[in-house]
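In this text, all values refer to a predicted model and were calculated from it rather than measured experimentally.
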Protein chains: 2
Amino acid sequence: MQNWDDLRIFLATARAETLSGAGRVLRCDAATVARRLARLEERLGQTLFVKSPGGYALTDAGVRLLPAAEAAEQAAQAAVDAVGDAEEGLSGQVRIGAPDGCANYLLPQICARLVRDNPGLELQILAVPRVVNLSKREADLAISVSRPSGGRLLSQKIAEYHLTLAASEAYLAGRAPILSRDDLIGHLLVGYIPDMIFDAELDYMSEAGLEAAHVASNSAAVQVNFLRQGAGIGLTHAFALPSAPELRRVLPDEIVLKRSFYLVRHADDKQRRLLSEVASRLAQEMRSEIAQLEACS
Amino acid sequence: MQNWDDLRIFLATARAETLSGAGRVLRCDAATVARRLARLEERLGQTLFVKSPGGYALTDAGVRLLPAAEAAEQAAQAAVDAVGDAEEGLSGQVRIGAPDGCANYLLPQICARLVRDNPGLELQILAVPRVVNLSKREADLAISVSRPSGGRLLSQKIAEYHLTLAASEAYLAGRAPILSRDDLIGHLLVGYIPDMIFDAELDYMSEAGLEAAHVASNSAAVQVNFLRQGAGIGLTHAFALPSAPELRRVLPDEIVLKRSFYLVRHADDKQRRLLSEVASRLAQEMRSEIAQLEACS
DNA sequence: AAAATGCTTTGCAAAAATGCAGAACTGGGA
DNA sequence: TCCCAGTTCTGCATTTTTGCAAAGCATTTT
C-alpha cells in the first residue's frame, strides 16, 4: 500500500455512498475524492466502486476492502488517543447522537459542564429523528430509547425517565378541569407523527390509551413548543417541564409512562479511553440531571 | 487524524532511526520525510522524535504512538491482501530472510518455481549473515536455524538437513587418504569466523571435535567456494554438494551433523493469506529439495 | 413536458508537496 | 590533528495535488 491515506478517502466514500457526501465529511472537493479513488483503484488493480450519477456503490472488491479500511480507522483513532491524553483531563472530539428530546433538554447543560471542566474536550450533539447509525460512524456515542438489536454494539442502561401529560396554563384555563381520564375526551392532542415513529418505545399515545394526535411533529422539542403555545395536551418528558414554566402536568398520578435511556457505542471502540470516560460521565450526569429536573415540577 | 499516510512515514522513521534510512525504504527524499514528520508532530501537538545529526530517536509520545502505527500497517497490508488474491494464484510481494547457505543453495530454484507458477507473485531473498529482525520488518518471512527466543513470533520446523565434511578432488588427490578422524590432523580447515557466529547452531566445528578453521568466512557460500578452490577441508551443507561437482565427501559415515530449518513469521501476520500460502509452499518445497539434493551426492 | 435538483466529470489556475543540491554539523579513524 | 562518511537542514525549481467553475446526466418535481 503506497498511501495509507487513500484508505481514509475510500472509507468515507463507502459510507457516504456519494463523492460529494464524502467530500463534505473529508472537507475537500468531490473532484479530489474522485481522483484519489481513481488512483487507489489503479494501484490496487481493482475497481472498488460502480460509478453512476446517483452515487458510488461498492463492488465486491470494495466490500472486501471495507474491513481493512475500518481497521485502519481504528488504528488512526488509537494514534491520536495515544499521544493526546497522556496527562490529566479529557481532550479530543466526540460526537454524541441522541433523540431530540434528550438532545434538547438534557445534553446541552451536561455537555456544557463537561467541556468547561475539560478544556481540551470538544463535544458535538447530533440530534436525529431516527436511530443513529453508529456503524456508519455518524457518531461516536449514541443515546437510544431501546437496546440496539444487532451489530457489533455495546449498550448500557443509563437512567430511567418519565413521560407525563402536560398542557399550558393558558390552554387549561379556558376549559373544564381534567380530573379523570375520561375528561380528556374532546381535547386537542399533541404527539408524534404516527408513521415517523422510528422506535416502538416512542409510541406513547397508544400505550397511554390515547387516540392519534391532532397536532403532531417528529420532534419532541417541537411538541413541547406546541404545548407552550397552547395547542393542546400532550405526553412529554417530565424533565422538559422545568424549562417550560407555563406548562402544567395533567393527571400526574394517573398517567405516567416509564422509559429508559441507553448508551450505545461501537464494540471496536472499547479501547478508546476518551470515549469510555465521556460515556461514564455522561451517564452519571444524565442520571442526576433527570432526577433533579423531574423533582422540581 | 488528518492524514493516515503520515503514520506510514512515522513508522518507517521509527524503525530506520534515521531520516535518510526511512527515505530509502519509503523511496522518497529525506527532506520529505522530515517535513511530513514535522507536520505530523504539529498536528498531534506532540514532539515524536528527538532530532540529532546522529539520527531520529523516539520520544515518550513517539513510543506511545508506535503500536497504533503498527496496527495501521496491519490494516494497510490486510487491504492489499483483501483485494489482491480473490481469484486463483498468489500475488503480491513477500521478502524472505534466510541464512546464506539456504539462500544460495535452496531458495533460488524454489523461489523460481514459485514465481513461475504464480505470475503475480514477487519474491525477494534477503541473505543475511545474522538473524533477521522480523520485528523491524526487514522481511515478511524468515528461515532460521533455531527457534526464535521471544517476541511475538510464530515458528514452525520445516525440514532437517545434514552437514558433512567435504573437500575438492584436487585437494584430496595430493594427500594421503583420510580414513579415520585422526587422519584429519594437519589438514587445512575451512569454517566460520568464530566471533561472527550469530547462532549457536552454527558452531559446527567444535561439535564435530575439529579445531578452529585456518580459512574462514562468515558466509557458508564463500566457504564452499573455498573448498572448490582446494583451500582445505570443511563442514558444509550436504545440499550444497550437487552444485559443486568437484567436491567429495570426507568421512561421510563418521562425521554427520544434523540441523533443522525453522520458518518464522510475525504473529501479527497470521491472517495474511498470502504469507501463509507462501510459507506452506516454501516449507514443502524445501523438504523435497533437501531430500533430493542430499540423495544425489 | 419542462424545470430543477442532485450527482459526476473535466479543464484550468492556484496551492502544496516533492526532489535536488548545497551548507552545516557530528563522530570516528588514520 | 585532519579528514571522511554519515547525518539533518534549507532554499529553489519542478512536479503533483487540490479547489473551483462549468458542463453533462439522470432522476424527481412542477
Side-chain angles (χ1 to χ4, degrees), chain A residues 1-44 46-59 61-62 65 69 72 76 130 133 136 138 195-196, chain B residues 1-44 46-59 61-62 65 69 72 76 130 133 136 138 195-196:
Chain A
M1 170 82 32
Q2 309 196 37
N3 190 341
W4 296 359
D5 200 52
D6 287 341
L7 288 177
R8 193 172 112 258
I9 275 72
F10 165 81
L11 190 55
T13 311
R15 285 186 181 139
E17 292 172 331
T18 179
L19 284 189
S20 24
R24 268 188 295 278
V25 0
L26 295 173
R27 287 180 214 305
C28 71
D29 198 84
T32 303
V33 179
R35 284 185 283 242
R36 293 189 60 174
L37 288 179
R39 182 177 71 180
L40 180 63
E41 288 186 335
E42 185 185 11
R43 287 184 178 165
L44 290 177
Q46 292 273 349
T47 129
L48 267 15
F49 294 95
V50 310
K51 292 98 171 170
S52 84
Y56 270 37
L58 286 175
T59 64
L65 187 55
R130 56 183 171 78
N133 192 336
K136 286 205 175 180
E138 291 178 344
D195 50 311
M196 296 209 53
Chain B
M1 170 82 32
Q2 308 197 35
N3 189 340
W4 296 358
D5 200 51
D6 287 342
L7 288 177
R8 193 172 114 259
I9 275 73
F10 165 81
L11 189 56
T13 311
R15 287 188 180 136
E17 294 172 329
T18 178
L19 283 190
S20 25
R24 270 188 293 279
V25 0
L26 295 173
R27 290 190 210 327
C28 71
D29 198 84
T32 302
V33 179
R35 285 185 282 242
R36 294 189 60 174
L37 288 179
R39 183 177 71 181
L40 180 63
E41 288 186 335
E42 185 186 10
R43 288 184 178 164
L44 291 177
Q46 292 272 350
T47 129
L48 267 15
F49 294 95
V50 310
K51 292 99 170 166
S52 83
Y56 271 37
L58 286 175
T59 64
L65 186 56
R130 55 183 171 77
N133 191 336
K136 286 206 175 180
E138 290 179 345
D195 50 310
M196 296 209 53

- [ ] Please state how far atom CD in A/Gln2 lies from atom P in D/dT17, giving the value in whole angstrom units.
- [x] 11 Å
Open item on the list: Is B/Thr32 close enough to C/dA17 that one of its side-chain N or O atoms is under 4.0 Å from OP1 or OP2 there?
Closed with: no
Task: Value in whole Å for how far the P atom of C/dG19 lies from CG of B/Leu26 - done: 10 Å
TODO: Report yes if at least one side-chain N or O of A/Ser52 is closer than 4.0 Å to OP1 or OP2 of D/dA26; otherwise report no.
DONE: no
TODO: Using heavy atoms to find the nearest nucleotide of DNA chain C for B/Arg39 and A/Arg24 separately, return the residue whose nucleotide is more 5′.
DONE: A/Arg24
Open item on the list: Under a 3.5 Å cut-off for both contacts, is D/dT7 paired Watson-Crick or G-U wobble with anything, and if yes, with which nucleotide?
Closed with: C/dA24
- [ ] To the nearest Å, give me how far apart CZ (A/Arg27) and P (D/dT17) are.
- [x] 23 Å
Open item on the list: Using only atom types and a distance under 3.5 Å, with no angle test, would you say the side chain of B/Arg8 pairs donor to acceptor with the backbone of A/Gln2?
Closed with: yes
- [ ] Give the rounded distance in Å between these two atoms: CG of A/Asp29 and C1' of C/dA16.
- [x] 16 Å
Open item on the list: Can you identify which nucleotide, out of D/dT18, C/dC7, C/dT9, has its nearest atom closest to the A/Lys51 side chain?
Closed with: C/dT9
Task: Given DNA chain D, 5'-ward residue of the pair B/Thr18 and B/Ala31, judged by closest heavy atom - done: B/Thr18
Task: Atom-to-atom span, CG of A/Asn3 to P of D/dT16 - whole angstrom - done: 15 Å
- [ ] Would you kindly give the CG-to-C1' distance between A/Asp5 and D/dT16, to the nearest whole Å?
- [x] 15 Å
- [ ] Taking all heavy atoms of A/Ala16 and all of A/Gly21, pick out the closest pair and write down the distance.
- [x] CB-C, 3.7 Å
TODO: Report yes or no: does B/Thr59 contribute a side-chain atom to a donor-acceptor pair with the main-chain N or O of B/Thr47 at less than 3.5 Å?
DONE: yes
Open item on the list: Any base atoms under 4.0 Å from B/Arg36, or only sugar-phosphate, or nothing? Heavy atoms, all strands.
Closed with: sugar-phosphate
Task: Given C/dC7, C/dC20, C/dT26, the nucleotide with the shortest approach to the side chain of B/Pro53 - done: C/dT26
- [ ] Report the distance from atom CG of B/Leu19 to atom P of C/dC25, rounded to the nearest whole Å.
- [x] 18 Å
Open item on the list: Measuring from atom CZ of A/Arg36 to atom CG of A/Asn3, what distance do you get when rounded to the nearest 0.5 angstrom?
Closed with: 5.5 Å
Task: Nucleotide of C/dG19, D/dT18, D/dA26 approaching A/Arg35 most closely (side-chain heavy atoms) - done: D/dT18
Open item on the list: Quick check for you: among D/dT8, C/dT10, C/dT18, whose closest atom lies nearest to any side-chain atom of B/Tyr56?
Closed with: D/dT8
Task: B/Met1 backbone acceptor or donor facing B/Arg43 side chain under 3.5 Å - done: no
Open item on the list: Without decimals, in angstroms, what is the distance between B/Asp6 CG and C/dA17 C1'?
Closed with: 12 Å
